[in-house]
Amino acid sequence: MAVQKLPIARAINESLRTALENDPKVLIMGEDVGKLGGVFRVTDGLQKDFGEDRVIDTPLAESGIVGTAIGLALRGYRPVVEIQFDGFVFPAYDQIVTQLAKMHARALGKIKMPVVVRIPYGGGIGAVEHHSESPEALFAHVAGLKVVSPSNSADAYWMMQQAIQSDDPVIFFEPKRRYWDKGEVDKEAFPELSASLEQGRSRSALLHKAAVAREGSDLTLVAYGPMVKVCLEAAAAAEEEGKSLEVLDLRSMSPIDFDAVQASVEKTGRLVVVHEAPVFLGTGAEIAARITERCFYHLEAPVLRVGGYHAPYPPARLEEEYLPGLDRVLDAVDRSLAY
Amino acid sequence: MAVQKLPIARAINESLRTALENDPKVLIMGEDVGKLGGVFRVTDGLQKDFGEDRVIDTPLAESGIVGTAIGLALRGYRPVVEIQFDGFVFPAYDQIVTQLAKMHARALGKIKMPVVVRIPYGGGIGAVEHHSESPEALFAHVAGLKVVSPSNSADAYWMMQQAIQSDDPVIFFEPKRRYWDKGEVDKEAFPELSASLEQGRSRSALLHKAAVAREGSDLTLVAYGPMVKVCLEAAAAAEEEGKSLEVLDLRSMSPIDFDAVQASVEKTGRLVVVHEAPVFLGTGAEIAARITERCFYHLEAPVLRVGGYHAPYPPARLEEEYLPGLDRVLDAVDRSLAY
Amino acid sequence: MTVESTAARKPRRSSTGGSKRAGAKKAAPQKSTEPELVQLLTPEGKRVKSAKTAEYEAYVADITAEELRGLYRDMVLTRRFDAEATALQRQGELGLWASLLGQEAAQIGSGRATRDDDYVFPTYREHGVAWCRGVDPTNLLGMFRGVNNGGWDPNSNNFHLYTIVIGSQTLHATGYAMGVAKDGADSAVIAYFGDGASSQGDVAESFTFSAVYNAPVVFFCQNNQWAISEPTEKQTRVPLYQRAQGYGFPGVRVDGNDVLAVLAVTKWALERARDGEGPALIEAFTYRMGAHTTSDDPSKYRSDDERVAWEAKDPILRLRAYLESEGHANESFFSELDDESEALGKRVREVVRAMPDPDLMAIFENAYADGHALVDEERAQFAAYQASFADAPAAGEVK
Amino acid sequence: MTVESTAARKPRRSSTGGSKRAGAKKAAPQKSTEPELVQLLTPEGKRVKSAKTAEYEAYVADITAEELRGLYRDMVLTRRFDAEATALQRQGELGLWASLLGQEAAQIGSGRATRDDDYVFPTYREHGVAWCRGVDPTNLLGMFRGVNNGGWDPNSNNFHLYTIVIGSQTLHATGYAMGVAKDGADSAVIAYFGDGASSQGDVAESFTFSAVYNAPVVFFCQNNQWAISEPTEKQTRVPLYQRAQGYGFPGVRVDGNDVLAVLAVTKWALERARDGEGPALIEAFTYRMGAHTTSDDPSKYRSDDERVAWEAKDPILRLRAYLESEGHANESFFSELDDESEALGKRVREVVRAMPDPDLMAIFENAYADGHALVDEERAQFAAYQASFADAPAAGEVK
Ligand SMILES: Cc1ncc(C[n+]2csc(CCOP(=O)(O)OP(=O)(O)O)c2C)c(N)n1
Ligand SMILES: Cc1ncc(C[n+]2csc(CCOP(=O)(O)OP(=O)(O)O)c2C)c(N)n1
Ligand SMILES: [Mg+2]
Ligand SMILES: [Mg+2]
């Protein structure tokens, strides 16, 4: 029964459960993570099974959550904190940027900060303001943090395992509109990761490696988190028109697996980056800049970007038009191929 | 006596004074801005002349400073708040990102947020941790904010006038290592801006226009704030080697005057962007991505970037090597020209 | 409200060595006795007076029967509106609704205490306060329907937009109040927030700023016992109104289901503020009888018994009992109010159903007041992209 | 410490209309009387006892002459070290120095109250506490010289790194204390912060978390009267120790220039924490006799009279007077201590001057514990770039 079909939310839940079982130092903290199991039920049942001492409902104060998690990490714990929605991480931004990210360097390596900050992010769920943001670039720009986002259940399970085992702070963006998408999870796929944790050893190799989600030869689509599905759909649609698109699931926004992107672009000669976050200074900007530098003579068209606009995330009735969808991705594909 | 030679810090001081004189709604707020005149003396003498009611020493709480400034703006005031150092803006980040930036849109335009957030920023002054950061990309990525930085005294004076007159929130980054660099300021240069304020009218045209700081034909250097001087020095050095570099002073990081960059790159065919902030997801990424798209057939080399590294700002004894200097800029110039 | 936290309940070894009190181990956290509520109407609808409440009672001593009927009407209509909104959410007309069920007295009592020139900073649940301020209730629904993020002009009724990021608005209220003081005006400002919000650093900072600047702002905390699934003990181990003292201004706990007491205490606090006596904190002790929002399932975290116990303290029944026992309202008043309620429900239903989706280009509108080159560029690209579809929907018709 | 803010001092129109108290205009902010300090040694060096301080006095009742001399020695050596650091800054050996001059009693008294297994979270000024914890003082200088951002292993002496972002460390301390409680250990944690820091939201949140989880943490606020140029009235209108009450734990104001009183009160608070009684707040009322840092010019904002008045309460002179009057120390103790001071100064000077600049590649070291591809890439580019210069400085020689 190693392979199960699980929704992403459930895969994360089981990954947290595994971590709580394997390491007594792992803690879950956040608003409503206990009895309620979080507003998305990602921590459902964990408090019941591991107790209030390990699955902790916190006061409603994000800076306090991350700040005390830092203190717990200093005491040898490995806190996994939940920020209830993307738009509510900003009260904790100071603790994340000036403390969590810099503590290891400040201590010349003598302190480690194995803290995971889970953030359900992105739009498409018809929510009110502050519930649909994609702030990943605001974390990826900051040295000392690692920033990842899974796109499917298997990655959700395994990337969470790795994030918790990481001795660096990891900002773990969960694609909330995909929480209920099901996928196969093989909990025995990586026995070396399932073993009881050995802290202090780098497990991050897999966590930050991009995956080829679909092979293709005419153009590379790069995406992560919620947009991987859109890109796969775009690739399927394009195939019907005779265009072969390669889809790369980035998985990690810091570090970015530029080698994988480069390898793909050297093959296809064209690149479109897709994310929900605003295009301006989004992760696509960095990918475009760096890949253009690496592949200057391979690119047959400029790297194009599809993403949100430079405007506050719109009210829900407009979000479908604000968010990159199949048509907007294919429009960019067409523009790229037209070069 | 319209034209005076003033250091940048003094030019800002006089610009604030002019604004306080012209508009009774203008307020100065921040830590130590009163009797002390701020740790850089930028508000020196203002409390003495305008009183404690208009030049306000606040409690030591940045979120409170920005949050109450928002409330004051709602009441019809035009607060200019000082954040003491770049590294201390993060406790206010939530109020800036979720409230200040979004209030106008949230109110469907019925509320305006004429708040200026002054931030002395950047390194090179031999300071301890958190006193040398360049976080401009973390603000420029956020819709609803405008982000600027002057590089010389005249711009410091006039851009501050315009920022205070702007009905949008402006994050005003002041190049602290250049505070004492002197330059000529003509306080009568723009009579239409010196006149008593007419709120609600856009004055932002000048504020967000890039300036050609030096003309050239072989390659374009784009910089802003503290790095303009470095680029001008690099251009002077390059001239001796027979290379003609154009230096563009961006002035504004949101919006970015891409038309000006494009015009220059169409002429030179090569672009190097220089900033102190880390290269990864810095403003240079966006400039590279967008200019490559706009000038795909004009660029003879990929856009290169010179900036900070993806590591916490180092201790002062290493900062000269961390910060872009003449040699690193010229190294990038050489690499670009070698394509 | 005093609790022992999880950590406290766990036995801990007593200090060894260096202790001057070895063996003198104490019960963990300091306990405070349950404070008395300021209450003027009992749950049974009896008017009560005491020396302790006299200072507040003075503010409603000569309240007229008409005013009392008005408060009753406000509460009934607010509840009716709220129920309609909940129904509309179930019908798919709204994406979400945050019900105020049970908090009518806290909101109407405080809302009616404000003067026209006062300014109100709500959270996202102050539908009753909005009603008192004269905001058309249908305007509140836009953001829950997803057609805007705030659908009214805050300055029309001195009622700020709903603020979703917990606690932020207390600083806006404080800044606004600082401005009122600067203007030499004698208006006051009132900031609403919840028991959960009391933990946010921003709320603490607003206490500090308002105290230091002696700003005319009243902090009105509706302690409805829950912050989503977390009971108030997860936020504090002493009653919340006590927080104020440590910042140098008074705090009062009022029976939040007693509209008269809330009216009186809020008038008292607003008047202090107007008189230059600075901030005050009111903790209205009440109960969220419904779910946190329509997305919430309270059965996951609280027992029905609790709800049932609070139903006995229902703010509307209480005032009705008083009105009836005093003969302040007759049958026709109640039946006319029923009709008015139904008419309100109907109007709300109709307006919401007719509420158009925003024009697509609204994505770019109002991002900036003075314009922004990138927004202009993206707007143009977006328009061209939309136009490229043969069957492009006309503005306002999308979705 | 009670003040009338600017706003409060401005006359305001009294409330008109709707007021039940027209004409009853009051003096603005609530005033609290200056609280009594817990003091065991008067400024003149007399030991005093009172019923009010008996609870704390018990913790130092049987302190020995040797221990008293030890406290004196700690204060003298700390002041000497501090003076040396100030001098080294003037000589260009340090980029900056934050002097503790005047705060020796607050720091030594509290530092000596801690047990080895306790954990200390300092600000950037706790040189005296570092001394008590056994951190080599020269290690404190690295960050002020600019060779690192924190030059010691926090776990060697249970003394965390200096934290510059005001208030942040109080949350770290609280989290650490939550961990201590989870571990079932009976250690305590102490978090230092200043009067200015009391305004930060993070400090308020640490009060909330520590109270709710009953964490064994002592908040030690050195109220040195100034936050750079701002007097304490800009942060609060009531004494800071009172803040604690509203969060449900005790607050005490102690004479911060009385090392004995500070020792006693801190022992009391740490013991409470160890005994599972949760957090406490100590406000040590003291004075920053020097500039905020070597970059500061206090003459811009405060009068010399104030400093002179506080000099009469000097913590070191006070204990010396007591030692002498009680015959607890003789001349040779003082003269040997002078020699020890000079030796310390000399050692500090020598170590600092010999402190090498870090290797250039340190820029990239320790950015991550588990590595990061971009850092690897940039490190390699940087190394290649450095190597491209014919006259490239060898590692460790730069600047
Ligand atoms: C900064 C922030 N964190 C989290 C949330 C998610 N959230 C919305 S309402 C709520 C509970 C609020 O409780 P309380 O303050 O008691 O108000 P109530 O909902 O009971 O009226 C939470 C956690 C938020 N809106 N903002
Ligand atoms: C968040 C933040 N804001 C501003 C500063 C700049 N700053 C450094 S020390 C200081 C004053 C601190 O005063 P206080 O807390 O009383 O401590 P003291 O320096 O008196 O020991 C300020 C404003 C900072 N370090 N961090
Ligand atoms: Mg609540
Ligand atoms: Mg101080």
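Note that the coordinates shown come from a computational prediction; the quantities given were computed from them, not determined experimentally. Lettering follows sequence order; numbering is per chain, from 1.
The side chain to side chain contact (heavy atoms under 4.5 Å, CB included) with B:R317 is formed by just one residue from the set D:L360, D:V147, D:N148; it is D:V147.
Atom NZ of D:K300 has more than 12 heavy atoms from other residues, nucleotides or ligands within 6.0 Å. At most 12 heavy atoms of other shown residues, nucleotides or ligands fall within 6.0 angstrom of atom CZ in D:R90.
Most heavy-atom pairs under 4.5 Å with chain B, from the set D:G196, D:G201, D:G95: that is D:G196. The choice from B:G51, B:P59, B:A311 that makes the most heavy-atom pairs within less than 4.5 Å of chain D is B:P59. With chain B as the partner, the residue from D:V203, D:D296, D:V165, D:L96 showing the most heavy-atom pairs under 4.5 Å is D:V165. Contact count against chain D (heavy-atom pairs under 4.5 Å) is highest for B:L60 among B:L60, B:I56, B:D331.
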Q.
side-chain contact (heavy atoms from CB on, under 4.5 Å), that's the test. Do D:Y162 and B:V128 meet it? Break it down for me.
A. CA-CA 11 Å; D:Y162 279 180; B:V128 294; over 6 Å; no

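For D:I228, the parts lying under 4.5 angstrom from a heavy atom of chain B are both the backbone and the side chain. Contact annotation for D:H292: neither backbone nor side-chain heavy atoms come within less than 4.5 Å of a heavy atom of chain B. With a 4.5 angstrom heavy-atom cutoff, D:R145 touches chain B via backbone and side-chain atoms both. Contacts of D:Y385 with chain B are made by side-chain atoms alone, with heavy-atom separations under 4.5 Å and no backbone atom involved. Contacts between D:I363 and chain B at a heavy-atom distance below 4.5 Å involve backbone atoms as well as side-chain atoms. Neither the backbone nor the side chain of D:Y124 comes within less than 4.5 Å of any heavy atom of chain B. For chain B, no part of D:N366 is nearby; none of its heavy atoms comes within less than 4.5 Å.
Summarising the geometry, atom CZ belonging to B:F280 is positioned 10.0 Å from atom CD belonging to D:E377; distances are rounded to the nearest 0.5 Å. The line from CD1 of D:I164 to NE2 of B:H130 is 5.5 Å long, rounded to the nearest 0.5 Å. Expressed to the nearest 0.5 Å, how far NZ of D:K234 lies from CG of B:D57 amounts to 5.5 Å. Rounded to the nearest 0.5 angstrom, D:T163 OG1 and B:E129 CD are separated by 8.5 Å. Considering CZ of B:R328 and CD of D:Q386, their distance stands at 9.0 Å, rounded to 0.5 Å.
D:D202 places none of its side-chain heavy atoms less than 4.5 Å from the side chain of B:P91.
Identified by a heavy-atom distance below 4.5 Å to chain D, the contributing residues of residues 29-47 of chain B are B:G30, B:E31, B:D32, B:K35, B:L36, B:V39, B:R41, B:D44, in residue-number order.
Note on ring orientation: taking the six-membered ring where Trp is involved, the planes of D:F382 and B:Y309 are perpendicular (angle over 60°, cut-offs 30° and 60°).
In terms of heavy-atom proximity, B:Y313 sits nearest to D:N149 at O-ND2, 3.7 Å.
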